[in-house]
Each structure stands twice: as structure tokens, then as C-alpha cells.
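See below for the structure under consideration.
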Protein chains: 2
Amino acid sequence: MIDREFFLGFVKIHIIYHASKEPIFGVEIMSELARHGYDISPGTLYPMLHRLERDGYLFSNREIVGGKMRKYYRATDEGLSMLAQSKKQIMELVKEVIDEK
Amino acid sequence: MIDREFFLGFVKIHIIYHASKEPIFGVEIMSELARHGYDISPGTLYPMLHRLERDGYLFSNREIVGGKMRKYYRATDEGLSMLAQSKKQIMELVKEVIDEK
DNA sequence: CTACCGATATTGCTAACCGATATAGTACTT
DNA sequence: AAGTACTATATCGGTTAGCAATATCGGTAG
């Protein structure tokens with residue numbers, strides 16, 4: 001349906017954005033992404049979260065909620081500056097592709 | 001400088017957009033992309049163009065210009081509908097990440 | 001103590017990425 | 001007509017990402 005190779009970058013930006021607003025965890029972000037039309041499988045999402053953490057954009061802590069373990073992720077400073085740069089690039093894309101000067 | 005894994009999708013959208021406006025060729029699109037802050041090497045760009053053609057988003061023809069061979073790419077109908085979908089997804093991203101409701 | 005459930009993690013294969021390097025095609029020079 | 005220069009495209013090869021399917025974990029309730 002949606003060709004993922006175009007949009008996986010969007011997904012990463014969504015993730016960091018949400019993680020900048022509040023702690024997020026895997027299953028939650030999967031359904032959040034689904035609301036935006038992105039069907040991401042666990043085999044894609046979890047390794048992606050691990051990489052984003054490994055590369056310094058996110059950090060995590062484990063918590064027990066309703067008797068179930070969750071791994072909450074939040075954006076680091078590097079994640080926030082990544083997000084700021086993303087906004088610039090998105091606006092570039094909008095100016096070019098959508099505004100139709 | 002720019003973390004490519006976030007932006008390679010943007011690059012592909014730029015490419016299809018330009019190829020929908022006029023015929024484009026590799027070296028030209030490389031400098032166009034550089035103007036948007038994307039430094040893409042030939043080893044990334046050419047295989048990418050080949051895939052976009054293989055997958056039906058672009059088609060090409062060879063021409064001799066100023067004594068040099070160029071391979072001009074243009075967007076197919078499928079490329080155009082990809083572009084339309086990209087615009088929707090971009091606007092989603094803008095609403096979410098930038099508009100700060 | 002075990003069955004269950006929400007949630008995260010891993011496996012194994014395929015495909016993409018990308019710097020470096022090679023190749024192709026034309027024109028100009030001599 | 002062979003050599004050189006220039007522009008442009010193409011490939012190589014090692015590394016990493018993507019992904020569906022499967023496995024595992026941690027806690028609670030019965």
C-alpha cells in the first residue's frame with residue numbers, strides 16, 4: 001500500500017517527536033503510527049528503537065505498568081536537535097514540493 | 001552532518017518531484033540535492049535511480065548533449081501518484097511535528 | 001506452579017547504502 | 001587516427017537496515 005522506503009524516515013521523525021513530548025513505549029507507538037497510515041511490524045520497530053538509542057537520539061527506562069513491563073523512551077538533547085533539523089528539512093520539502101511557486 | 005537514515009526518503013521525493021517537472025539527469029540532480037543540504041554520492045544516487053526506474057516510478061532515455069551522454073529520467077504515472085501520496089504524508093508530518101497544536 | 005497476557009527481543013534472509021573505483025562516449029588536438 | 005581531457009554513468013564489496021515470523025520475558029491470577 002505505502003512504499004516504505006519513502007517513509008521510514010518520516011516514521012523515525014514521528015518517533016522522536018513523540019518521545020520529545022512524553023515517554024513512549026513500543027506497542028503504543030505502533031498504534032500511534034498506524035493512525036498515520038504506517039503499519040510497522042515489531043521486527044522493524046524494536047531494532048529501530050534500539051538503534052535510535054544506540055545512536056544517542058533516545059534513552060530508555062523500564063517500568064512496570066498494570067503488571068506488565070514497559071520500556072519507556074524519551075528524546076535526548078541530540079534527539080531534540082535532530083528534530084529541529086528535521087523541521088527545517090520538512091519545510092524545505094514543503095516549499096519545494098507542495099507550495100508550487 | 002546530516003544523518004542520512006532520516007532523510008533518504010526526502011531525497012527520493014525530491015527526485016520524483018523534479019522528474020515530474022522536467023527531465024533530469026544524475027549529475028544535475030546531485031547538485032540540486034546539494035543545494036538542499038543533501039550530499040549524495042554517485043554510489044548512492046545511481047543505484048537509487050535504477051531502483052526507482054525498476055520499480056516503475058521513473059523512466060529514462062539517453063541523449064547526447066554537448067558531446068556527453070546523459071540519461072534523462074522522467075516520472076511515470078505511478079511516480080506521480082507516489083508524489084501525491086507523499087504530499088499527504090508530508091502534510092500529516094507538518095500538522096503533527098510543526099504546527100504544535 | 002503454570003497458564004496467560006502484554007510487551008519486548010531475536011533470527012535469518014534479502015535488499016539498500018555508499019565511498020571508492022572503473023568504464024563509456026564524444027570532441028579536440030596534433 | 002591515436003591520444004587526451006572531460007563529463008557522466010556504472011559497478012564493487014563490505015557493512016548495515018528492513019522485516020515477517022518466531023521466540024522470549026516478566027508479572028499476575030487462579
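Quick note: numbers below take in every heavy atom, side chains included, and nothing from hydrogens, waters or symmetry partners. Per chain, numbering begins at 1; letters A, B, ... match sequence-line order.
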Using a cut-off of strictly less than 4.0 Å, decide whether Arg62(B) has a side-chain nitrogen or oxygen near OP1 or OP2 of dT26(C). no
Which one, dC18(C), dT10(C), dA20(D), comes nearest to the side chain of His50(A)? dT10(C)
Could you pick out which residue, Arg51(B) or Gly66(B), lies toward the 5' side of DNA chain C when each is mapped onto its nearest nucleotide? Arg51(B)
Out of dC18(C), dT11(D), dA17(D), whichever nucleotide has its closest atom nearest the side chain of Tyr46(B): dT11(D)
Would you mind telling me which residue lines up with the more 5' stretch of DNA chain D, Tyr72(B) or Leu8(A), judged by nearest nucleotide? Tyr72(B)
From the set dC19(D), dC17(C), dT8(C), return the single nucleotide nearest to any side-chain atom of Val27(A). dT8(C)
Of the nucleotides dA8(D), dG18(D), dT8(C), which has the atom closest to the Phe25(B) side chain? dA8(D)
Distance, rounded to the nearest Å, where Ile29(B) contributes CD1 and dT9(D) contributes C1': 15 Å
Looking at dA20(D), I'd like to know if its phosphate oxygens (OP1 or OP2) sit under 4.0 Å from a side-chain N or O belonging to Ser41(A). yes
Exam field: side chain Ser20(A) to backbone Ala75(A), donor-acceptor pair closer than 3.5 Å: no
Listed nucleotide nearest any side-chain atom of Pro47(B), set dC18(C), dG26(D), dG25(C): dC18(C)
Asn61(A), CG: over 12 other non-hydrogen atoms inside 6.0 angstrom: yes
Starting at atom CD of Glu63(B), determine the distance to atom P of dG25(C), rounded to an integer number of angstrom. 16 Å
What integer distance in Å separates Met48(B):CE from dA16(C):C1'? 9 Å
dG18(D) phosphate, OP1 or OP2: any side-chain N/O from Arg4(A) under 4.0 angstrom? no
Toward the 5' end of DNA chain C, which comes first, Glu5(A) or Pro42(A), by nearest nucleotide? Pro42(A)
Please state how far atom CZ in Arg54(B) lies from atom P in dT11(D), giving the value in whole angstrom units. 14 Å
Taking the side chain of Lys68(B) as its heavy atoms from C-beta onward, which of dC18(C), dG25(C), dT8(C) lies nearest to it? dG25(C)
Would you call the rings of Phe6(A) and Tyr57(B) parallel, tilted or perpendicular, where under 30° means parallel and over 60° means perpendicular? perpendicular
Need one value for Ile40(B): base, sugar-phosphate or nothing, where a base atom within 4.0 Å counts as base even if backbone is also close, heavy atoms only. nothing
Rounded to whole Å, the CE-P distance (Met30(B) to dT7(D)) equals 14 Å
Is the closest side-chain donor-acceptor distance between His36(A) and Glu32(A) under 3.5 Å? yes
Look only at the side chain of Arg4(A) and the backbone of Asp39(A), and say whether a donor-acceptor pair between them is shorter than 3.5 Å. yes
Roughly how many Å is it from CD1 in Ile15(B) to P in dC17(C), rounded to a whole number? 10 Å
Within the 4.0 Å heavy-atom criterion, would you say Leu45(B) contacts the bases, only the backbone, or no part of the nucleic acid? nothing
May I ask you to decide if the ring planes of Tyr38(B) and Phe7(B) are parallel, tilted or perpendicular, using 30° and 60° as cut-offs? tilted
Side chain of Lys12(B) - closest among dC19(D), dC17(C), dT26(C): dC17(C)
Rounding to a whole Å, what distance do you find between Asp3(B):CG and dC17(C):P? 13 Å
Using atom CD1 of Ile64(B) as one end and atom C1' of dG25(C) as the other, report the distance to the nearest whole Å. 7 Å
At under 4.0 Å between heavy atoms, what does Leu49(B) touch on the DNA or RNA strands: base, sugar-phosphate, or nothing? nothing
Are any of Arg70(A)'s side-chain N or O atoms less than 4.0 Å away from OP1 or OP2 of dG27(D)? no
